[in-house]
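Only one structure is covered here, and it is reproduced in the block below.
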Amino acid sequence: MLLLLMALCATAMAFKPGDPAKLSFPGSYMMDPDPSGEFTTLVIPIKRVSNLIVLEAKVDTMEGNFVLDTGAPYLVLNQTYFRDYPHYGDQDAGGINGDAGTVFRTGVKSLSIAELHYDRLQADVTNLSAIENSRNIKVLGLLGTKLFSKFAITVDLFQNQLYVHKLDKNGEIPTAEVLYHDPILKMPFSYANNAIIFKASVNDNEMWFSFDTGAETNLIDYRQAKKLLPTLQIINRSKLTGIGGSTFEVIYAKFDKLMIGERVFTNNKVIITSLEQMGKAYGKDIDGMLGCDFFGRAVFTINFVKKEFIMYTNKNE
């Protein structure tokens with residue numbers, strides 16, 4: 001199953017008033033990727049495009065921009081550039097706003113992200129033109145969670161750097177490679193079809209959230225939002241037209257208290273819309289999604305082996 005965003009979107013990226021909503025695609029990843037590379041900590045420059053985290057990578061002979069997207073389970077390729085690749089199976093894509101067309105499964109000979117290399121990968125191919133058109137950038141694809149399943153990654157949006165850490169036998173970043181200290185948040189997470197899931201509370205109401213580096217803002221499902229409305233400050237309402245021509249309403253709001261672990265975050269923004277299709281894609285109902293409005297506040301590390309999420313305040317120079 002694959003999550004894509006549209007209009008920023010196409011796997012869960014962008015969502016703000018006026019942007020189309022995310023999509024979900026059923027399916028499963030048949031095998032774990034087998035990465036290689038001569039490094040202990042790999043440093044990769046980040047290109048910021050609005051609130052998207054964009055990296056340079058190369059698939060076979062084609063090199064260009066890929067979006068780091070923990071809302072996608074694995075590698076997703078843009079149909080515009082990979083339409084002639086072998087088709088190993090088609091599937092229909094759906095979203096909260098209607099039918100979204102078809103994706104197909106394919107295989108690539110290689111993927112390289114700086115000195116990190118993969119051979120013989122499976123990928124889904126779908127239309128990512130909405131991201132390109134809304135942000136005026138050529139996007140070859142999305143880099144999902146499976147690609148980093150044997151690593152920890154640290155994202156520093158203040159320095160525009162992504163660090164890929166090889167781990168020791170205990171699943172920890174080696175002490176000599178630790179770059180950040182003084183964590184403000186450290187908590188476990190679980191997986192739902194390779195999506196990162198953890199509990200949080202909004203104005204003292206406990207909810208299940210996914211963590212999505214491809215989402216520009218936070219999302220809350222309208223079914224949960226009903227009980228929150230008295231505590232929310234409505235900023236505006238938008239009528240959007242879905243892919244199939246249907247219209248739907250989203251509400252853009254603010255709320256005071258987001259509690260994750262023992263940490264309280266204030267002055268939070270959120271889109272209220274339906275996440276029912278996202279839950280079906282994950283195989284688990286979710287109440288919300290945490291995007292750049294949340295993770296853009298601090299440096300963060302995702303340890304995919306230990307299933308641990310950490311936020312930091314400063315770097316050890």
Calculate, to the nearest 0.5 Å, the distance between atoms CG and CD belonging to Asp293 and Glu216 respectively.
9.0 Å
Heavy-atom side-chain proximity of Val155 to Thr213 below 4.5 angstrom
no
Min side-chain heavy-atom separation Met187-Glu262 under 4.5 Å
no
Parallel, tilted or perpendicular: ring planes of Tyr163 versus His165, cut at 30 and 60 degrees:
parallel
Are Ile184 and Val264 linked, directly or through intermediate hydrophobic residues, by side-chain heavy-atom contacts shorter than 4.5 Å (ILVMFWY only)?
no
Using a 4.5 Å cut-off on heavy atoms from C-beta on, say whether the side chain of Leu42 contacts that of Phe151.
no
Where does the angle between the aromatic ring planes of Phe148 and Phe304 fall among parallel (under 30°), tilted (30 to 60°) and perpendicular (over 60°)?
parallel
Run the numbers on Asn78 and Leu140 for side-chain contact (heavy atoms from CB on, under 4.5 Å), then give the verdict.
CA-CA 5 Å; Asn78 192 341; Leu140 296 185; 5.5 Å; no
So Leu55 and Leu143, do their side chains get closer than 4.5 Å, heavy atoms only?
yes
Evaluate the side-chain proximity of Phe255 to Val202: yes if any heavy-atom separation is below 4.5 Å, no if none is.
yes
Taking atom CG of Asn136 as the centre, report whether more than 12 heavy atoms of other residues, nucleotides or ligands fall under 6.0 Å from it.
no
Membership question, hydrophobic clusters at under 4.5 Å side-chain separation (ILVMFWY): are Tyr85 and Leu147 in the same one?
yes
Could you give the distance from OG (Ser112) to CD (Glu63), rounded to the nearest 0.5 Å?
8.5 Å
Distance-only polar pair, side chains of Asp212 and Ser210, donor-acceptor under 3.5 Å
no
side-chain contact (heavy atoms from CB on, under 4.5 Å) for Val76 and Val67? Distances and angles first, verdict last.
CA-CA 10 Å; Val76 182; Val67 176; over 6 Å; no
Are Asn268 and Arg297 linked by a side-chain donor-acceptor pair shorter than 3.5 Å?
yes
Is it true that, when you exclude Lys186 itself, more than 12 heavy atoms of the residues, nucleotides or ligands shown sit nearer than 6.0 Å to its NZ?
no
Do Lys269's NZ or CZ and the ring of Tyr252 fall within the cation-pi criteria of under 6.0 Å and 45°?
no
Could you give me the CA-CA distance, side-chain angles and deciding distance for Lys254 and Asn267, then say whether side-chain contact (heavy atoms from CB on, under 4.5 Å) is met?
CA-CA 7 Å; Lys254 293 188 350 183; Asn267 191 28; 4.1 Å; yes
Backbone N/O of Glu172 and side chain of Asn170: donor-acceptor pair under 3.5 Å
no
May I ask whether Leu77 and Tyr88 are part of the same hydrophobic cluster, defined by side-chain heavy atoms of I, L, V, M, F, W, Y residues being less than 4.5 angstrom apart, directly or through others?
no
Using a 4.5 Å cut-off on heavy atoms from C-beta on, say whether the side chain of Arg83 contacts that of Val125.
no
CG of Asp287 to CD of Gln224, rounded to nearest 0.5 Å, is 4.0 Å
Are Leu290 and Tyr191 connected, step by step, through hydrophobic side chains (Ile, Leu, Val, Met, Phe, Trp, Tyr) whose heavy atoms are closer than 4.5 Å?
yes
Within-4.5 Å side-chain heavy-atom neighbours: Thr217 and Val270:
no
If we ignore angles and hydrogens, is there a donor and acceptor under 3.5 Å between the side chains of Glu177 and Thr40?
no
Any side-chain heavy atom of Thr231 sitting closer than 4.5 Å to one from Asn205?
no
Report whether Ile234 and Leu228 are members of the same hydrophobic cluster (ILVMFWY, side-chain heavy atoms less than 4.5 Å apart, transitive linking).
yes
Could you label the plane-to-plane angle of the Phe211 and Phe294 rings as parallel, tilted or perpendicular, counting under 30° as parallel and over 60° as perpendicular?
perpendicular
